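Per chain, numbering begins at 1; letters A, B, ... match sequence-line order. For clarity, every value in this text was computed on a predicted model and none was experimentally measured.
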Amino acid sequence: MPDSTPPEARPEARPDTAPDTVIDIPTDARPVPFRGGGFRPRRHPFLAPLVLLILLGLWQLGSSSGFISPIAMPAPKDVLIAFRDLITTGTLWTNLSISLYRLLTGWLLGAALGITVGLMIGLFSQARSAALPIVSALFPVPKIALLPLFIIWFGIGEGSKVATILFGTFFPTVISTYAGVDAVDRGLIRMGQSFGLKWTSIVRKIIIPGAMPGILSGFRISFSIAIVLLVAAEMIGAQHGIGAYILMAGAIFNLGELFAGVIILSAIGLVGSWLIGKAEKRLLDWRA
Amino acid sequence: MRIILDRISHSYADTEVLRDVSFDLRAGEIVSIIGPSGCGKSTLLRMIGGLEQPTAGRVLISGAAPEGSLNPLTYIFQDFALLPWRTVQGNVSLVLEDHGIRGAAAREVIADVLARTKLSDFRHAWPRQLSGGMKQRVAIARALAVRPAVMLMDEPLSALDSQTRELLMDDLVELWTRTPFSAAYVTHNLAEAVRLGHRIVVLSRRPGRIREVVAIDMPLAERPARMAELATLQRGLWEMMRDEAAAADRELTHA
């Protein structure tokens with residue numbers, strides 16, 4: 001508590017003498033050794049670019065000296081050439097646009113359906129009893145195993161690839177959404193009821209915002225699953241797209257192109273998680 | 001408006017928590033409910049507010065709610081129950097929105113209740129930024145916004161440190177003195193019970209039965225100055241409860 005009592009109110013304080021602040025320090029007095037601190041990540045903003053530059057430098061050095069065989073690893077120059085070709089021939093855009101189309105349609109549809117079904121499971125015990133066993137049974141199936149089935153159902157075109165990604169992202173979203181609903185503090189729901197809030201208001205103003213942290217962290221997981229499925233689907237049956245591009249590059253031993261494709265995938269993943277991070281900042285600004 | 005509890009009994013599965021409890025809450029009166037832990041005090045409060053139904057007995061309302069009361073039976077919770085994703089004024093506005101009070105009308109109510117709870121400067125703050133005492137003030141402001149006829153307070157000061165508790169007790173007395181409200185005040189803190197209660201209902205150990213109803217005939221505003229008399233009362237209550245509290249403490253939980 002801040003010491004706000006005036007000195008004359010304190011029983012032992014005398015107004016004419018200052019409190020005894022001079023104390024006798026023995027000669028053998030030494031500071032208590034410090035043993036706290038640490039275990040707290042600090043920011044070192046220049047370290048990551050530095051490490052990247054060093055790795056690039058070592059890579060260039062190894063390739064130009066012949067230490068790294070061009071059959072195992074392309075020179076950085078080859079990757080740059082591959083990127084230049086991608087841009088000048090326009091194939092970057094053809095491959096990237098078709099991949100992004102598949103990724104975003106599949107992921108957005110899967111997430112939207114997943115949130116809907118997850119909310120139903122979270123809110124209605126009938127939906128939970130009916131749907132949860134099916135969700136649990138289908139969730140562990142690697143969705144890429146269903147691609148042949150989806151090709152039969154939706155044809156060899158976009159439908160089968162989008163469906164694979166959709167199914168792959170649907171189940172984790174369902175699970176993170178209903179788990180998020182389950183995690184909402186029941187005390188807050190009772191509070192809403194005690195103030196006579198309508199059922200729809202309780203869902204809209206208490207349950208959905210309360211489940212939002214879980215839903216958004218589910219997005220992170222489902223987005224990385226979506227990229228995996230995109231590449232897998234494109235490697236199995238596609239003419240265009242980043243996955244097909246990488247597969248083709250490998251078939252003709254063009255390691256520069258292969259690396260360029262992998263770098264593009266990494267960039268897609270980074271941009272995606274950056275956007276989800278932005279959304280978290282916006283939607284969860286009430287958290288610390 | 002008067003609330004009557006008529007022979008309330010309640011059991012969870014095979015545990016009997018309340019047996020034959022009857023008392024009433026009169027207009028403008030604060031009734032403290034005390035008893036050893038697990039005696040069903042909070043269950044009783046949930047029943048008064050219609051959040052739970054007793055196995056036997058009835059909770060009755062007699063007389064009309066005062067005009068303009070949006071939510072006659074209004075709770076104040078021990079853990080505050082503020083929405084962390086709404087600011088102070090957003091939390092107050094939450095309980096107005098469903099009554100169609102928006103815009104200027106809502107702003108007026110919010111400004112009024114925040115001024116009464118000394119929160120005007122904090123209307124844009126997030127709950128996480130507030131101390132426990134401030135959070136409970138927000139919850140009190142939210143309760144005042146719906147003009148309750150009866151406040152149902154479930155250990156409202158138990159999550160706070162003792163100095164904050166003193167401050168909030170003074171605030172509650174001030175609010176009551178300005179516009180008397182009726183309240184059921186559940187607490188395990190005897191000092192709070194004698195400071196705020198016009199009557200004190202003492203419950204026994206589980207299954208909770210009424211051991212005694214003690215009336216304190218001393219105006220709330222005078223009580224801080226007459227602490228010595230209150231201390232005697234408080235000691236009397238403690239003598240009454242002591243053995244039961246000790247026995248309740250030694251019980252195994254059935255959870």
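Between Asp285(A) and Lys281(A) no salt bridge is recorded (no basic side-chain N to carboxylate O distance below 4.0 Å).
In terms of heavy-atom pairs under 4.5 Å with chain A, the best-connected choice from Asp79(B), Asp161(B), Leu94(B) is Leu94(B). Note: Pro209(A) leads Gly210(A), Ser201(A), Pro209(A), Gly192(A) in heavy-atom pairs under 4.5 Å with chain B.
Close placement of the Tyr12(B) and His10(B) rings is indicated, their centers lying within 6.0 Å of each other.
Contacts with chain A (heavy atom to heavy atom, under 4.5 Å) involve these residues of residues 45-75 of chain B, listed by number: Leu51(B), Asn71(B), Leu73(B), Thr74(B), Tyr75(B).
Under the 3.5 Å distance criterion, the side-chain polar atoms of Lys41(B) are left unmatched by any main-chain donor or acceptor of Ile33(B).
Side-chain polar atoms of Ser182(B) and Glu29(B) form no donor-acceptor pair below 3.5 angstrom. Side chain to side chain, Glu166(B) and Ser162(B) fail the donor-acceptor criterion of an N or O pair below 3.5 Å.
Applying the salt bridge (charged side-chain N to carboxylate O under 4.0 Å, His left out) rule to pairs touching residues 171-194 of chain A yields Arg128(A)-Asp182(A), sequence neighbours excluded.
For a residue to count as touching a neighbouring chain, one of its non-hydrogen atoms must lie under 4.5 Å from one of that chain's; by this rule Trp85(B) touches chain A with backbone and side chain alike.
Atom-to-atom distance recorded for Ile215(A):CD1 and Ile115(A):CD1 is 5.0 Å, nearest 0.5 angstrom.
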